[in-house]
*Asks:* 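Handing you a structure now.
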Amino acid sequence: MTNRKKQKLVVIGNGIAGIGTIEQIIKLGGAYDITVIGQEPHPNYNRIMLSYVLEGSKTIDDIVLNDWQWYEDNQITLHTGTAATAIDEANKVVVCDNGLNVPYDKVIIATGSRPFILPVPGSDKEGVVGFRDIADCTRMLEASKIYKKAAVIGGGLLGLEAAKGLVSLGMEVTVVHLMDDLMESQLDSHAARMLQQELERQGIRFLLGKQTTEIWGDTRVKGLRFKDGGELEAELVVMAVGIRANTAVAQASGIETGRGIVVNDYMETSMPDVYAVGECCEHRGVCYGLVAPLFEQGQVLAKHLSGVDTKPYEGSVVSTKLKISGVDVFSAGEFLEQPEHTVITAKDEWKKTYKKILMRDGRIVGAILFGDVSESASLQSLIRQKAEMTDEIYASIMGTGCGGHGGSKAAMVENMPDDEIVCGCNGVTKKAIVDAINGEGLTTVDEIKACTGATRSCGGCKPVVEQILQSVLGAGYTASAKQGICPCTTLDRDEIVAQIRDKGLTSTREVMHVLGWSNPEGCSKCRPAIHYYLVMLNPETHQEERESRFVNERLSANIQKDGTFTVVPRMYGGVTTPEDLKKIADVSLKYNVKVVKVTGGQRLDLIGVKKEDLPKVWEELDMPSGYAYAKSLRTVKTCVGSQFCRFGTQDSMSMGALIEKKFERLDFPAKFKMAVNGCPRNCAEACTKDIGIVGNDGGWEIFVGGNGGTKARLADSFCKVKTDEELIEICAALMQYYRETGKYLERTSEWVERLGLDSIREAVLSNDGERKALVARIELALKQVEDPWKKVLKDETLRETLFEDVKPVTMS
């Protein structure tokens, strides 16, 4: 057997399309010596997740798909910060801007697209950015720290995601859109209006039907001018009006281009041995700007280059999902009804949901979902298949009837082609999932995610992944599909707590060893959870294990992205004194604090403290820690109440301070926020807190399970009490019941929905003996707590270990 020399494959572009194709070639065993040329200084990352980075729910590290080690492990040569300028066909080399010439046998051009910048006066001013890459995201993050007013030009997918991200960063944001409807390329007018109303509720402003004619200002942008003579002030302008295929390298090489790099059904360009894939290419007159078609193209190209028989690429049915926390919008296929369509619609103004399915000749060709997108993956598959509408499918999608729901989904999964992409964000096919289940013995969605990448990004495909899992496992699904708290174990929260009790386990390492963790060191998900359960169960005897806490909790301060920290002193009930304010000002000046910010919980953030200065800052402040970094009681927000307000009926400030002093420093499953209002006007916003308290003439009303975060939820009315003593007792019992039954990192909003309000009332209100026992257990736990900074200041060894080594801190 002769050793054949590997052919040289050069990929121009380090994005999703190019690297997705390489991943497929590697899986197919394609014999290539691979070189990747990337213009950005990063490894391959998921560009479609940038909106989550901008809004703050993910970091840049979270969206990396293939880290530096992956290239090394697969023997791929990676040149970052390098731009290919031309392909020299005669000499078979790719020419780069830094003088590098890379020889090739085959080339894949995967240069993606560039943001379209409106050709209006002022578009080159400082403060005008696109929204396509990490650099754009970073510029917006930096601008948000200095400037307050932003304009986003473009009311499409990217524009709305950019706008929501900037609002989350505290900016005043106005979306300027040429058309009268948002996302007019994906939504009908009804869905667009619902979307606009929801985004307005979240703080985004809109100017629709506006044509921008000038970006005015000096060196930096100061605002926009419109065709109708109107103006809008803006210190940051984000251009999100569309994209254009990046064809520069193809044009410089004499390759045929139109709107994009022209390719045939096997992704071949007009130059021999040169292919194009992704947003940069034009197939049958169409350039695709969404992620799923890029993977479908990549599958065909990977098989073609690997010598595997494949059907030609014949185009894609595109779908769209808006990646904004708390806003669920989906669109696929045809969405504007024509005379030949049969249309099914369901509108629910109270729940703010909208479903629309379009059929032609009885077959499903398009859909829009708003508010409830749980059927999006199923619909996308049905639209791809042009499936015939049946009573079972109708009942499943429209939520009617009592039979056939499971059957239609099972049939859909069974009829799904092997090469159909289930996870559009990561290009994972049905076959890849089935093979992983069968080959690796997978039994949970989390295991599938870890093995294949399916569901690891937006999570929208999770229902279909679960249906595939159920289809493959058959009768074994129910017994084996139980999910552990993390991939290290199959044990869930209740089983772990029971085993700790029964076996008398006392440390995180002992729990992992005795209960048979697959990873003997555990992971960043299970170690903090086990530590919490141990502290909750054994408050008197458990020894603190700082190594099992998240980095913020280990250091008792919030780490920022530049490596500095935020210090948050406690202000009971949001009330402080002139003396404490003076100390905060003096310490902030002395230690060069970058920003002092008033928080939503009525406290002051001291942002930008160096790690080595933290003990000195706390020593000189001489104030209790506000626990802004912990799974603990954060704040008790108050109004001024009966002490000052002419409407106040109860002393909310005193009650808020009393509750905060009583329950501070206690560990909870997740961060815990409270509010006390002195009257039903609800100025302290009790309806969005874990426990909210509203004063009235006859006493107090307690609310539970509110959340104003990414999964917004209004709190439920729990009970009414007449006296302050009753209020404290019931709050204490309610907190302890949450501590004892909540899953780690589960907010009360999720906890209430999981357990049910009636069962919580039964445990806390109906049984006086159980309530007294809950109160006794929380009182016992409270006796063990102490201020973490006083502990650090008294312990020289701890101080040296944690704060005097100034190496960069890594996030767990």
Side-chain angles (χ1 to χ4, degrees), residues 20 48 186 288 290-300 311 313-322 328-335 342 344 355-370 372-399 404-437 445 448-449 452-473 477:
I48 64 172
Q186 292 91 20
Y288 294 97
L290 298 169
V291 70
L294 318 186
F295 288 120
E296 291 170 357
Q297 293 171 0
Q299 281 184 331
V300 172
K311 294 178 182 178
Y313 175 66
E314 298 177 339
S316 297
V317 174
V318 296
S319 65
T320 299
K321 218 171 184 184
L322 193 61
D328 294 317
V329 181
F330 168 80
S331 171
E334 302 171 34
F335 63 95
T342 300
I344 303 170
K355 296 180 181 181
K356 176 179 176 181
I357 300 173
L358 279 75
M359 297 180 294
R360 183 184 292 109
D361 299 326
R363 297 189 176 274
I364 302 170
V365 295
I368 294 173
L369 301 176
F370 182 92
D372 176 9
V373 296
S374 57
E375 296 293 338
S376 60
S378 302
L379 270 170
Q380 188 170 342
S381 180
L382 293 168
I383 292 165
R384 280 202 189 106
Q385 298 170 37
K386 288 188 169 56
E388 187 173 358
M389 177 62 80
T390 65
D391 288 340
E392 286 185 341
I393 291 174
Y394 179 90
S396 174
I397 293 172
M398 304 308 289
H405 183 90
S408 65
K409 295 192 177 203
M412 184 206 76
V413 166
E414 288 171 7
N415 294 329
M416 185 186 296
D418 282 348
D419 61 355
E420 180 164 335
I421 291 173
V422 174
C423 177
C425 296
N426 299 292
V428 185
T429 63
K430 174 192 171 183
K431 185 176 187 301
I433 294 170
V434 172
D435 288 348
I437 295 168
V445 173
I448 293 170
K449 177 170 69 174
T452 68
T455 78
R456 75 177 173 184
S457 295
C458 76
C461 61
K462 187 174 181 179
V464 176
V465 173
E466 194 162 13
Q467 289 156 25
I468 293 171
L469 179 65
Q470 186 171 2
S471 174
V472 175
L473 295 182
Y477 171 75

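Keep in mind that what you see is a predicted model, and the values were worked out from it rather than measured. Numbers here are sequence positions counted from 1.
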*Asks:* Which heavy atom in G333 sits nearest to a heavy atom in I383, and how many Å separate them?
*Replies:*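 Scanning both residues, the minimum pair turns out to be CA-CG2, 4.3 Å.
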*Asks:* What distance do K431 atom NZ and Q299 atom CD have between them, rounded to the nearest 0.5 Å?
*Replies:*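 The distance works out to 11.0 Å.
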*Asks:* Do E375 and K355 pass the salt bridge (Lys or Arg N to Asp or Glu O under 4.0 Å) test, and can you show the C-alpha distance, the side-chain angles, and the key distance before you say yes or no?
*Replies:* CA-CA 10 Å; E375 296 293 338; K355 296 180 181 181; over 6 Å; no
*Asks:* I need the minimum non-hydrogen distance between V329 and F370, along with the two atoms involved.
*Replies:*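 Heavy atoms of V329 and F370 come nearest at CG2-CD1, 3.5 Å.
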*Asks:* How many angstroms lie between atom CD1 of I357 and atom CG of L369, to the nearest 0.5 angstrom?
*Replies:*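 Between I357 CD1 and L369 CG, I get 7.5 Å after rounding to 0.5 Å.
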*Asks:* To the nearest 0.5 angstrom, please state how far the CD atom of E466 sits from the CD1 atom of I468.
*Replies:*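 Reported to 0.5 Å precision, the distance equals 11.0 Å.
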*Asks:* Measuring from I393:CD1 to I364:CD1, what's the distance to the nearest 0.5 Å?
*Replies:*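 Going from CD1 on I393 over to CD1 on I364, the span is 5.0 Å.
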*Asks:* Please report the shortest heavy-atom distance between R360 and E334, naming the atom on each side.
*Replies:*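 What the structure gives for the nearest pair is NH2-OE1, 2.6 Å.
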*Asks:* Might you point out which heavy atoms bring T452 and A436 nearest each other, and give the distance in Å?
*Replies:*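 Closest heavy-atom pair between T452 and A436: CG2-CB, 3.6 Å.
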*Asks:* Are the side chain of K356 and the backbone of F335 linked by a donor-acceptor contact shorter than 3.5 Å?
*Replies:*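 Confirmed, K356 side chain pairs with F335 backbone.
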*Asks:* Tell me every residue that passes ring pair (Phe, Tyr, Trp, His ring centres under 6.0 Å) with Y313, counting only those two or more places apart in sequence or in another chain.
*Replies:*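 If we apply the ring pair (Phe, Tyr, Trp, His ring centres under 6.0 Å) test to Y313, skipping adjacent residues, the hits are H283.
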*Asks:* Looking only at heavy atoms, which two atoms of F330 and S319 are closest? And how far apart?
*Replies:*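 It is CE1-CB, 3.9 Å.
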*Asks:* Locate the shortest heavy-atom distance separating S331 from I368; write the atom from each residue and the value.
*Replies:*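 Of all heavy-atom pairs spanning S331 and I368, the closest is OG-CG1, 4.3 Å.
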*Asks:* Working to the nearest 0.5 angstrom, can you tell me the gap between T320 OG1 and Q186 CD?
*Replies:*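 One finds 4.0 Å between OG1 of T320 and CD of Q186.
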*Asks:* Compare all side-chain heavy atoms of L382 with those of I397 and state whether any distance is below 4.5 angstrom.
*Replies:*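 Yes, their side chains come closer than 4.5 Å.
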*Asks:* Going by heavy atoms in the side chains, are L358 and V365 under 4.5 Å from each other?
*Replies:*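 Side chain of L358 against side chain of V365, heavy atoms only: contact under 4.5 Å found.
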*Asks:* Taking the side chain as everything from C-beta on, heavy atoms only, tell me whether C423 gets closer than 4.5 Å to V465.
*Replies:*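 SC-SC contact between C423 and V465 ruled out.
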*Asks:* What's the separation between atom OG1 in T342 and atom CE in M389, rounded to the nearest 0.5 Å?
*Replies:*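 Answer rounded to 0.5 Å: 9.5 Å.
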*Asks:* Taking the side chain as every heavy atom from C-beta outward, state whether I437 and I448 have any pair of such atoms under 4.5 Å apart.
*Replies:*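 Of all side-chain heavy-atom pairs linking I448 with I437, at least one is under 4.5 Å.
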